[in-house]
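These notes concern the structure reproduced below.
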Amino acid sequence: MADPPLLELRGVSRLYRPRRSLLARGPEVVALDGVSLRIAQDESLGVVGESGAGKSTLTRIILRLERPDAGQILYRGADVARFGPGALRAFRARVQIVFQDPQAALNPRMTAEEIVTEPMLVHRDTVGLDRRGRRARVAELIETVGLRPDHLRRFPHELSGGQRQRIGIARALAAGPELLLLDEPTSALDVSAQAQVLNLLIDLQDRLGLGYLFISHDLAVVRYLCDRIALIRQGRLVEEGPAAQIFDAPRTACARRLIDAAPDLGAPLRSAGRTTGTD
Amino acid sequence: MPPLMPPLLEIRDLHLTMATRDGPAQVLTGVALRIARGEIWGLVGESGCGKTLTGLSVPRLVPCPPAHYPAGEVRLDGEDLMALSERRMRALRGRRIGMILQDPATSLNPTMRIGDQLADVALAAARHDPALLGPGPARTAARALAATMLDRVGIASARQRLSAWPHEFSGGMRQRVLIAMALIGAPDLLIADEPTSALDVPVQAQILALMQGMAADRGLGMILITHSMGVVARACSHVAVMYAGSIVETGPVVEVLDRPAHPYTRALMAAVPGRHTPRGTLRALPGTVPDLLAAPPGCRFAPRCPRATPACRAARPPLRPLGAGHAVACAHPDAPAHG
Ligand SMILES: Nc1ncnc2c1ncn2[C@@H]1O[C@H](COP(=O)(O)OP(=O)(O)OP(=O)(O)O)[C@@H](O)[C@H]1O
Ligand SMILES: Nc1ncnc2c1ncn2[C@@H]1O[C@H](COP(=O)(O)OP(=O)(O)O)[C@@H](O)[C@H]1O
Ligand code: SF4
Ligand SMILES: [Mg+2]
Ligand SMILES: [Mg+2]
């Protein structure tokens with residue numbers, strides 16, 4: 001029998017009931033509506049969809065920061081909702097997230113070394129390293145993400161955006177994860193830092209066999225990195241399949257609209273639709 | 001011949017020095033831009049090249065100290081903004097000059113409903129420009145305008161959403177609120193720092209179309225700071241490429257992106273994945289933006305440039321026109337064939 005996938009979502013739903021005032025609640029917002037997905041080891045699933053579609057909600061549900069109102073999350077075939085404290089701790093070490101804005105995601109009062117060390121302390125029983133072992137692992141991680149040892153002494157504001165995001169990735173790798181949730185990890189970066197981070201993610205996947213759930217609005221970036229694409233609209237999965245198929249032969253109007261709207265440098269520039277000076 | 005009108009915005013030889021722990025950093029070294037009404041200028045370059053500080057310098061939002069302007073001019077319709085009193089400058093901000101800041105997380109008040117925040121900006125702008133709200137009770141008109149603007153930036157059921165709190169919106173929705181806030185005062189000049197990078201593609205296209213519409217219909221002039229060459233190609237009429245504190249290539253988008261002449265512009269464009277870039281083959285630029293405390297003399301790009309010669313290191317190349325409004329600051333540019 002084939003191994004179960006690294007992560008599987010079965011019919012996951014999530015509702016929000018925003019407060020209108022102290023007593024009254026407004027109408028329900030369906031952030032996720034029966035979403036089923038699978039991510040295998042060594043595989044990148046790109047998650048795309050409009051703003052407010054539920055992509056970030058998906059990551060919070062997977063991390064168990066919020067509970068689904070319906071549906072199941074299976075990690076290597078085991079129901080995450082039934083994990084005891086030990087299994088849950090191990091799960092939290094195995095699934096890590098990298099956020100969009102490395103500036104906001106890193107504690108400004110911690111050095112890069114403290115930031116990368118922290119998950120090893122939080123997940124001490126899973127990681128099982130002593131002080132010396134942690135130091136060695138930090139040194140290794142900083143090299144893995146292409147930074148120099150002297151970067152470890154710096155505070156986040158003393159690093160460039162691309163360097164900060166590398167620290168964010170090193171932190172996510174520290175506890176030895178199997179799955180990374182990447183919520184727009186390059187949209188705050190310039191094109192050069194973005195290229196570095198994308199190539200780093202590819203290299204890490206080739207070496208460590210990580211699974212990725214990669215959220216981005218930049219379809220060229222998704223296509224560059226991802227094997228499969230899931231398109232979410234208003235909380236619902238509307239199309240899922242191999243990247244090439246979704247890009248070259250989308251089945252739904254929603255996917256076609258998204259792809260047609262993508263600014264594409266590969267195509268020749270058209271002057272149509274461009275404004276020129278009126279003075 | 002009609003008398004020569006000053007452009008909407010003119011930045012001349014702007015120098016900015018930043019006092020840092022380790023000494024003065026020359027952050028802007030002679031930035032020059034001329035923006036006419038109706039033009040949308042993309043400002044691109046790696047992070048740390050001075051795009052944000054250039055944008056913030058126009059409405060004078062860079063704190064001095066630590067900043068200091070040893071030279072340069074910023075003129076709006078010919079009026080010297082650097083000489084204005086703080087009171088007059090405050091009156092221009094939000095009304096004639098709209099600004100979308102790069103860091104949206106800190107720009108919305110978490111304890112105020114979305115609609116109230118938008119209406120407050122409209123009311124403040126209407127104090128200088130009563131026509132903005134028309135007749136009738138100002139508060140009601142401001143809320144109606146707030147709903148219209150939310151709708152125009154693509155927030156569904158805009159009227160109901162006026163009473164929402166910022167935390168109930170997704171990241172992209174909050175960003176759109178900020179865009180609505182910058183546009184609600186009907187400014188003449190909009191400076192937008194990375195306004196659409198958190199937005200999905202269709203919404204991004206909608207916002208860019210809204211901005212283009214305002215440029216074409218009302219003569220809104222705009223500086224659009226962005227990392228996305230796709231956004232420049234799609235939305236801008238002109239582009240200025242910045243490297244380490246100055247503009248190294250500038251011109252109409254069709255000229256610059258089709259025939260990039262500066263090695264830096266070419267390298268930036270090569271780092272963007274296209275629709276068919278094979279996995280693992282993207283080329284990041286080698287090296288990093290120089291430390292502005294000890295920037296190399298001559299061309300600041302020389303340490304990373306495959307074409308650098310001793311001549312490049314000896315003197316800083318000035319911006320030289322190539323024709324068709326295209327100009328480049330490089331000793332050995334790719335000569336674009338203009339025909
Ligand atoms: N705490 C909350 N209270 C009320 N509604 C919420 C809350 N958090 C999220 N939502 C709503 O849930 C929906 C999904 O939000 P989510 O943040 O997952 O979107 P997203 O796909 O990540 O969007 P973006 O691309 O803009 O980041 C949106 O309609 C949002 O307004
Ligand atoms: N408040 C500040 N104090 C000191 N240096 C600063 C400050 N703000 C920006 N800088 C420096 O000025 C340079 C240009 O910054 P910025 O305009 O933010 O670049 P960009 O927007 O192109 O990324 C960078 O080297 C940055 O580190
Ligand atoms: S001036 Fe010389 S070093 Fe600078 S970009 Fe041109 S060729 Fe390269
Ligand atoms: Mg999100
Ligand atoms: Mg900036």
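Keep in mind it's a predicted model, so treat the numbers as computed, not measured. Every chain is numbered from 1, with letters handed out A, B, ... down the list of sequences.
- Under the 3.5 Å distance criterion, the side-chain polar atoms of Tyr224(A) are matched with a main-chain donor or acceptor of Leu282(B).
- The two atoms that bring Asp190(A) and Ser47(B) nearest to each other are OD2-N, 2.7 Å, heavy atoms only.
- Atom CD of Glu143(A) has 12 or fewer heavy atoms from other residues, nucleotides or ligands within 6.0 Å.
- Heavy atoms from other residues, nucleotides or ligands lying under 6.0 Å from CZ of Arg283(B) number 12 at most.
- For a residue to count as touching a neighbouring chain, one of its non-hydrogen atoms must lie under 4.5 Å from one of that chain's; by this rule Pro252(B) does not touch chain A.
- Evaluation of the salt bridge (Lys or Arg N to Asp or Glu O under 4.0 Å) rule for Arg218(B) yields no partner, not counting sequence neighbours.
- Heavy-atom neighbours of Arg304(B) CZ from other residues, nucleotides or ligands within 6.0 Å: above the threshold of 12.
- For chain B, the nearby part of Leu198(A) is the side chain; its heavy atoms alone come within less than 4.5 Å.
- Contact between Ala271(B) and Ala195(A) at its shortest, heavy atoms only, is O-CB, 3.7 Å.
- Here the side chains of His227(B) and Ser187(A) are not in contact, with every heavy-atom distance at 4.5 Å or above.
- Ranking Val44(B), Ile35(B), Leu268(B), Thr226(B) against chain A, the residue ahead of the rest is Leu268(B), based on heavy-atom pairs under 4.5 Å.
- Scanning all heavy atoms of the two residues, the minimum distance from Pro273(B) to Ala220(A) falls at O-CB, 3.4 Å.
- In terms of heavy atoms, Met173(B) sits closest to Gly52(A) at SD-CA, 4.4 Å.
- Of the atoms belonging to Gln194(A), it is side-chain heavy atoms, and not backbone ones, that fall under 4.5 Å from chain B.
- Partners of Asp69(A) according to the salt bridge (Lys or Arg N to Asp or Glu O under 4.0 Å) rule, which considers only residues two or more places apart in sequence or in another chain, are Arg14(A).
- Ionic pairing of Arg279(B) and Asp206(A) is present here: one or more N-O contacts between side-chain nitrogen and carboxylate oxygen are shorter than 4.0 angstrom.
- Neither the backbone nor the side chain of Thr186(A) comes within less than 4.5 Å of any heavy atom in chain B.
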